[in-house]
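Below: the structure, in structure tokens.
Numbers restart at 1 for each chain; the letters A, B, ... are given by sequence-line order, proteins then strands. Note that these values count all heavy atoms, side chains included, but never hydrogens, waters or copies made by symmetry.
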Amino acid sequence: MTRALDPVAAHVAELERSLRGPARVRREIVREVRDGLADATDAYRRAGLDTAQAARLAVRDFGPVAEVADLYQDELAAGQGRRTALQLAVLLPALMALWSLLWSSGLMGADGPTGLTAMVLDLVVLQNVATALAAATALALVALTFRRTASPRRVAAAAAVTSQAAVVVCGGSAVVMNVAGGQQAWELLVAQPVSALAYAASVAVVVLLSRSASRTLRALHRIGEPS
Amino acid sequence: MRPDAVRGHLDGLILSVLEDGPRHGYAIIEALQARSGGALDLPTGTVYPALRRLERAGRLSGSWSTVGGRERRTYTLTRAGRHALAAQRADWSEFSSVVEAVLRPPRAAGETS
């Protein structure tokens with residue numbers, strides 16, 4: 001029997017094409033389904049059917065790919081959403097802690113930041129409030145991913161939106177802060193090269209969180225819709 | 001039994017066939033069919049995503065192992081899964097006895113209990 005005519009291979013290939021999400025998880029899903037269909041085919045063969053008939057019945061019992069793929073897509077979205085929420089809950093507070101440690105350590109000058117404008121100080125408050133809100137929301141969303149009653153797609157969408165909003169607010173205010181205090185930011189970099197690490201960490205966190213959020217949004221794709 | 005009627009109970013049914021030991025996907029499907037005497041007519045494909053859902057909710061733990069020369073994902077009931085199963089059994093027995101009490105044909109008129 002050629003592969004093209006094998007209904008099991010065709011069914012598995014269709015499922016594989018339908019799913020959106022992390023490659024590792026998709027591979028595992030496909031492997032498990034392929035094994036299951038092989039088991040079902042074997043069972044029909046043991047009952048006396050020829051291979052082609054056995055494979056056809058195994059595929060018929062399995063049901064339409066679209067229905068199964070949609071259920072799997074819920075799980076892919078939920079898994080990616082949980083990851084996004086966890087990253088948000090850990091990375092953003094860690095980044096804020098790193099910056100405040102840097103300011104309070106005296107590395108930035110014995111008296112801490114001097115001559116900061118009122119606007120910059122307001123932005124620092126805004127960042128801290130946004131971080132606390134985002135982290136608390138993210139933790140609540142992680143908890144929701146363990147509840148069977150919560151819609152996995154809604155929780156995942158909320159995680160992606162919260163993460164993107166936090167990135168926009170914290171990242172945006174950081175850019176404004178550094179542009180407003182441009183001279184100071186430059187002096188800080190020159191006087192304390194260690195601060196370059198903090199800037200690099202900030203960029204990394206923004207990139208990681210945005211990437212994770214957009215992966216979650218992609219995993220929310222509905223089977224049957226063009227991607 | 002109609003697939004729609006089964007769907008809402010699928011999680012509980014899966015937990016229940018895993019109570020006496022770990023099984024892989026197809027063995028779970030076989031156990032569901034055997035225990036129902038073949039009356040459980042649902043697309044077998046829906047069992048696999050349900051296993052993932054139960055794993056995400058912490059009720060099952062899944063791991064790959066080689067069984068009978070084939071690599072298989074084997075599922076084990078977790079402690080949370082056992083609790084969920086017990087809760088679902090209690091809910092079901094309450095629900096079914098209430099529905100049964102209402103559905104039972106009324107006694108003939110004049111008959112007292």
Side-chain angles (χ1 to χ4, degrees), chain A residues 8 11-12 14-15 18-19 21 25-44 46 57-83 142-152 155-156 223, chain B residues 3-4 6-12 14-15 23-34 38 40-75 78-81 83-85 87-88 91:
Chain A
V8 167
H11 221 56
V12 171
E14 195 188 336
L15 176 67
S18 307
L19 300 176
V25 185
R26 277 186 291 135
R27 261 200 311 277
E28 274 199 358
I29 287 174
V30 167
R31 202 164 112 198
E32 186 176 19
V33 164
R34 187 182 289 134
D35 283 347
L37 282 169
D39 281 333
T41 307
D42 286 351
Y44 274 121
R46 276 198 303 277
L57 287 181
V59 163
R60 186 207 60 187
D61 291 350
F62 188 84
V65 166
E67 184 183 353
V68 177
D70 224 23
L71 292 169
Y72 265 132
Q73 200 56 52
D74 284 352
E75 292 312 300
L76 283 162
Q80 187 60 47
R82 180 188 281 176
R83 221 151 95 175
V142 170
L144 275 179
T145 64
F146 284 94
R147 294 193 65 108
R148 232 163 34 105
T149 43
S151 150
V155 174
I223 308 303
Chain B
D4 286 354
V6 176
R7 206 153 288 155
H9 302 288
L10 183 57
D11 288 5
I14 290 174
L15 294 178
R23 281 188 158 96
H24 59 82
Y26 186 69
I28 291 170
I29 291 165
E30 276 186 322
L32 287 172
Q33 277 164 351
L40 213 57
D41 176 28
L42 86 164
T44 58
T46 56
V47 170
Y48 297 96
L51 291 169
R52 290 240 152 217
R53 184 172 65 233
L54 287 164
E55 195 179 352
R56 171 169 59 86
R59 293 175 182 187
L60 299 180
S61 69
S63 63
W64 289 96
S65 58
T66 311
V67 183
R70 199 174 271 160
E71 273 233 82
R72 287 183 167 103
R73 196 160 169 78
T74 305
Y75 295 89
T78 60
R79 186 199 291 264
H83 284 304
L85 176 59
Q88 227 148 349
D91 283 352

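With E75(A) as reference, R56(B) is the one residue of R56(B), R52(B), R53(B) to meet the side-chain hydrogen bond (donor to acceptor under 3.5 Å, both in side chains) rule.
Aromatic rings from Y75(B) and H24(B) are positioned such that their centres are separated by 6.0 Å or more.
Enclosure of atom CZ in R83(A) is not indicated, since only 12 or fewer non-hydrogen atoms of other residues, nucleotides or ligands lie within 6.0 angstrom.
Contact annotation for R31(A): both backbone and side-chain heavy atoms come within less than 4.5 Å of a heavy atom of chain B. Heavy-atom distances place the side chain of L51(B), and not its backbone, under 4.5 Å from chain A. For E67(A), the part sitting under 4.5 Å from any heavy atom of chain B is the side chain, from C-beta outward, and nothing else.
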Do W64(B) and E28(A) pass the side-chain hydrogen bond (donor to acceptor under 3.5 Å, both in side chains) test, and can you show the C-alpha distance, the side-chain angles, and the key distance before you say yes or no?
CA-CA 10 Å; W64(B) 289 96; E28(A) 274 199 358; 3.3 Å; yes
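Taking E30(B), R72(B), E55(B) one by one and counting their heavy-atom pairs under 4.5 Å with chain A, the maximum is reached by R72(B).
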